[in-house]
Number of protein chains: 2
Amino acid sequence: MLSKKTKYGLKALTFIARTEGDSPLQVAEIAKNEQIPQKFLESILLTLRKSGILGSKKGKHGGYYLRQPSEEILMTDVMRVLEGPIAMVPCVSLNYYEKCDDCVDEDTCSVNKLMLQVRDSTLNVFRNTTLADLSRPKD
Amino acid sequence: MLSKKTKYGLKALTFIARTEGDSPLQVAEIAKNEQIPQKFLESILLTLRKSGILGSKKGKHGGYYLRQPSEEILMTDVMRVLEGPIAMVPCVSLNYYEKCDDCVDEDTCSVNKLMLQVRDSTLNVFRNTTLADLSRPKD
DNA sequence: CATTAACCCTATCGATTTACTAGGGAATAC
DNA sequence: GTATTCCCTAGTAAATCGATAGGGTTAATG
């Protein structure tokens, strides 16, 4: 299951991409429009900012904005920040590889074999989808 | 993250597919060979049996066996039993569709749009992988 | 320079899920 | 009829999730 954090994060990013103008967008406005608990959203946008996807401006008339054009924001990066590693087991993770504690032999491990394929196909989707793609209405 | 239940279940199924002979395999033997807590494995094999993937025989010399040749056991079925719906959000689930409680409009929802693609690509892997594929040593 | 509006940060908390474990019942081979 | 094996229900410790609380810091504005 996708976490609420990821769901809210994606919705917020899409909202920003769709309505971004000259001035940054405030948490309260995003929360209201996308029906997201404001305090929760605040913490999510904060992690997106710390990861470099969003920028922020403090004080009156402050808010959040995209650091790059939405066409250049890849889902691989967004999903890693929001949901964590894309692989479903650490032993097939590109960025966070770790040997499974309970695995005897990776070469004969069926879990490894299957999850490697799932990772590749999922990665293929995320690498070929940008925030701009998600921001367009459905075909 | 993949649950231990799914991991153990896949390993057990692979073990059965690899070593199946005339007589069924006992929980204790599978648990020992695959390093799985026996009582936990017992409950996992039980759900696999209830779902029709495994058959069982009680009493002395009892145990578990595949109900079909491993070439005919698809990962779509196995994964649905062990891990639940393949879709990461209910609104893109084929078998368990449900409207997301927090979604205003599915047609413009970016989460829906992205997860639909992920579901399709994952499903494509599971539909084209059988237990026999997983049971062969790595290429 | 005071006030207000906004982001920034830490801590906490209830509910749910996960990964097991306990304990016994029911069927079958011998 | 007894040992062996699967069958079933409950329970539980630990982790994670989804959110909330409460205040600190920064910047615009008059």
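Chain naming here is simple, since letters A, B, ... match the order of the sequence lines and numbering starts at 1 in each. Note that the structure is predicted; figures quoted are calculated from it, not measured.
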| said: When you measure from the side chain of B/Arg18 to the backbone of B/Ser135, do you find a donor-acceptor pair of N or O atoms at a distance under 3.5 Å? | reply: yes
| request: Name every residue in residues 2-16 of chain A that has at least one heavy atom under 4.0 Å from any atom of DNA chain C, in order of residue number, or write none if there are no such residues. | output: none
| message | Show, in sequence, the C-alpha distance, side-chain angles and deciding distance for A/Lys113 and B/Arg136, and conclude whether the side chain to side chain contact (heavy atoms under 4.5 Å, CB included) test is met. | response | CA-CA 10 Å; A/Lys113 211 173 181 181; B/Arg136 276 187 286 275; 3.9 Å; yes
Which atom pairs, one a donor and one an acceptor, fall under 3.5 Å between side chains of residues 56-65 of chain B and the rest of the protein, sequence neighbours left out?
none

| Which residue, A/Lys60 or A/Phe40, contacts DNA chain D at a nucleotide closer to its 5' end, judged by nearest heavy atom? | A/Phe40
Detail all sub-3.5 Å separations between protein N/O atoms and N/O atoms belonging to nucleotides 8-13 of chain C.
| unit_1 | atom_1 | unit_2 | atom_2 | d |
| --- | --- | --- | --- | --- |
| C/dC8 | OP1 | A/Arg49 | NH1 | 2.6 |
| C/dC8 | OP1 | A/Ser56 | OG | 2.6 |
| C/dC8 | OP2 | A/Tyr64 | OH | 2.4 |
| C/dC8 | N4 | A/Glu42 | OE2 | 2.6 |

| query | First contact, last contact: which nucleotides of DNA chain D are these for chain B, 5' to 3', heavy-atom distance under 4.0 Å? | reply | D/dT4 to D/dC8
| query | Side-chain donor-acceptor pair under 3.5 Å between B/Asn124 and B/Asp120, yes or no? | reply | no
| query | Roughly how many Å is it from NE2 in B/His61 to C1' in C/dC30, rounded to a whole number? | reply | 8 Å
| task | Using atom types as modelled and distance alone, determine if a side-chain donor or acceptor of A/Thr129 lies under 3.5 Å from a backbone N or O of A/Phe126. | result | no
| task | Say whether B/Leu2 and B/Leu123 are linked into one hydrophobic cluster, either directly or through other cluster members, by side-chain heavy-atom distances under 4.5 angstrom. | result | yes
| note | dist B/Asn112:CG -> A/Leu10:CG (nearest 0.5 Å) comes out at 11.5 Å
| message | I need the B/Met115 CE to B/Cys100 SG distance, nearest 0.5 Å. | response | 11.0 Å
| remark: Within residues 26-37 of chain A, the residues having a heavy atom closer than 4.0 Å to DNA chain C are A/Gln26, A/Val27
| message | Is it true that B/Ser93 and B/Glu98 share a donor-acceptor pair across their side chains at a distance under 3.5 Å? | response | no
| field | B/Leu134 side, atom CG; A/Cys109 side, atom SG - distance, nearest 0.5 Å | value | 9.5 Å
| Verdict with reasoning, B/Met79 to A/Leu114, per side chain to side chain contact (heavy atoms under 4.5 Å, CB included) | CA-CA 11 Å; B/Met79 291 300 290; A/Leu114 182 62; 4.2 Å; yes
| field | Residues that B/Tyr8 engages under ring-ring contact (aromatic ring centres under 6.0 Å, His included), provided they are two or more places apart | value | B/Phe40
